[in-house]
Visitor: 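To start, I am sharing the structure in question, which I have written as structure tokens.
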There are 2 protein chains.
Amino acid sequence: MVSQRGEGETTTTPAEAADKERARAIPEAAVARLAVYLRVLSGMAESGVTAVSSEELSQAAGVNAAKLRKDLSYIGSYGTRGVGYDVEVLVSHIERILGLTRNHSVAVVGIGNLGHALANYGGFPGRGFPVTALFDVDADLVGIPVGGIPVNHIDEITAVCLEREVSIGVIATPPPAAQSVCDRLVSAGVQCILNFAPVVLQVPDNVEVRKVDLAVEMQILSFHVARRADEAASVSVGNNGLGVDGMVIRP
Amino acid sequence: MVSQRGEGETTTTPAEAADKERARAIPEAAVARLAVYLRVLSGMAESGVTAVSSEELSQAAGVNAAKLRKDLSYIGSYGTRGVGYDVEVLVSHIERILGLTRNHSVAVVGIGNLGHALANYGGFPGRGFPVTALFDVDADLVGIPVGGIPVNHIDEITAVCLEREVSIGVIATPPPAAQSVCDRLVSAGVQCILNFAPVVLQVPDNVEVRKVDLAVEMQILSFHVARRADEAASVSVGNNGLGVDGMVIRP
DNA sequence: CCGACTTTGTGCACACGTTCACAAGCGGTA
DNA sequence: TACCGCTTGTGAACGTGTGCACAAAGTCGG
């Protein structure tokens, strides 16, 4: 990387700035994998494993060993050549990078089937995401505790989120309500949103949205089913010009 | 595109082969977006919109207009220059490519909180994914209908999946059970799996797995929170060397 | 203390996906 | 019919992410 240093060194030293910038430059895809490595490593630690090589870890995480090493190199050099990585050390460094040293208060909006499931997940598998607030429009639900937390009315989003310092909002409402809920969360200062509603949310630049769309996942799988069927058809009967709607033919 | 025709013309013509191969070469990322376009287009069709330009559609789908056109070009040229796209035509072609002209029978394994939510989703938002089988280990659940479908015992996976021609399996079990359930689904001929368990599944090459991992999503968001906090800190107080654990400081 | 062996960290080449920019093509208009 | 403006479709440049292959750096045994 060519570190072309400008002349504008006001208060930060070039070295520190470069370090920060490198930390910031972790590819999104690598961040997702780091979370997976973290889970695998946590499991290993519980099983009493103290050291691990890139080869072992990569197999357990289902990725290429080289890719794993590159991913880990983004967060620093914490391995020992000829030996491998210390599990504890790696865990703590990944946690630090992912910001898991602080707790992130989570609010779930929309206490339907999915909302229930999310609330009952309770603190999310293992580490640091306490659900501290639940919201719904349905007055009948308000006050009833789900997974130990009482449901608030949706109009209270702003006040409650500010009070409980919610940093992550989860939208599990029906599609029509999603954008409105999103707007309210944003105005309550929530900057990270996990959206389960099949809707494209419009948000300001400073807000991060991740979406989980079951229908899309299904359709991607469907695409692969169709592709498979096509291949099977071409292999077994040459090409009959029927195109993609041909029957599935087992060889 | 240079169509360098080889000499090996056995049963398929080079043109048809090339066509098939192009269809197969749709980037994964584009497939995911096509599913989103499809949803937006369906909504438009319901609202009585009959024609749409790449600019309009791209805005509604939250992507770049050029990217949208390229995505659509993967499935063929179905637009009219100077005018735009016919909504109906586009819908039917995307459905065809995604394999939505056939129904895909879905089985959900693990009827806990999440499994309930999935079963009650009932046929998945709108189109073509009927849930036709539910499984759980818990004998108390067996026979009880959830979302209109009675729960079967997990040992019946193979028989039931074959009988009902399940093409997509959804794993919503606790982590320790996931791999075993996955193996059973695979041996029942299921080639596409949607995995909600925070586990890396080992499957043969001919099986497609997609995973939805809430903890990972949360941790990615957490990473962005931390990154933001860092930036805010550096901006407001130069650099104090505290590193990534510094407090969030509002300017 | 030294040499052999193991495993990390990374430079480099490649492949994939994204974005730009513009020619090709179509409908409307005179 | 011929022109004009608009929008598609796509070649080409660019950037990002992946995978290989090897030097650097450590441990272990003699």
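Proteins come first, then strands; the chains are lettered A, B, ... in the order of their sequence lines, and each starts at number 1.
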Visitor: Nearest of dC22(C), dC26(C), dG19(D) to any side-chain atom of Arg69(B)?
Guide: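 Among dC22(C), dC26(C), dG19(D), the one nearest the side chain of Arg69(B) is dC22(C).
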
Visitor: For a quick test of reading the model, state the closest non-hydrogen atom pair linking Asp86(B) to Glu88(B) and the distance between them.
Guide: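 Looks like OD1-N, 2.9 Å.
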
Visitor: From the options Tyr78(A), Tyr74(A), Tyr37(A), select the one residue that forms a ring-ring contact (aromatic ring centres under 6.0 Å, His included) with His93(A).
Guide: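 Looking at Tyr78(A), Tyr74(A), Tyr37(A), the match for His93(A) under the ring-ring contact (aromatic ring centres under 6.0 Å, His included) is Tyr78(A).
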
Visitor: Can you tell me which nucleotide in dT8(D), dG9(C), dT18(D) comes closest to the side chain of Ser77(A)?
Guide: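 Of dT8(D), dG9(C), dT18(D), dG9(C) is nearest to the side chain of Ser77(A).
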
Visitor: Heavy atoms, side chains only, cut-off 4.5 Å: are Leu118(B) and Leu214(A) in contact?
Guide: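 Leu118(B) vs Leu214(A): side chains touch.
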
Visitor: On DNA chain C, does the nearest nucleotide to Gly82(A) precede the nearest nucleotide to Gly82(B) from the 5' side, or the other way round? Give the residue.
Guide: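 Closest to the 5' end, via its nearest nucleotide, is Gly82(A).
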
Visitor: Regarding dT8(C), can its base be found pairing with the side chain of Arg81(A) as donor and acceptor, where the two atoms are less than 3.5 Å apart?
Guide: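 Counting by modelled atom types and ignoring angles, a donor-acceptor contact under 3.5 Å is found here.
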
Visitor: Got a donor-acceptor pair under 3.5 Å from the side chain of Lys70(B) to the base of dG9(D)?
Guide: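 Flag unset: no donor-acceptor pair detected.
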
Visitor: When you get a sec, tell me which of dT18(D), dT10(D), dT19(C) is the closest nucleotide to the side chain of Ser73(B)?
Guide: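 Closest nucleotide among those given: dT10(D).
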
Visitor: In whole angstroms, how far is the P atom of dT18(D) from the CG atom of Leu72(A)?
Guide: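 In whole Å, dT18(D) P lies 14 Å from Leu72(A) CG.
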
Visitor: Figure out the CD/C1' separation between Glu55(A) and dT6(C), and round it to whole Å.
Guide: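 Glu55(A) atom CD is separated from dT6(C) atom C1' by 12 Å.
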
Visitor: Using every non-hydrogen atom in the two residues, find where Cys182(A) and Val203(A) come nearest and quote the distance to one decimal.
Guide: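 Result for this residue pair: SG-CG1, 3.4 Å.
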
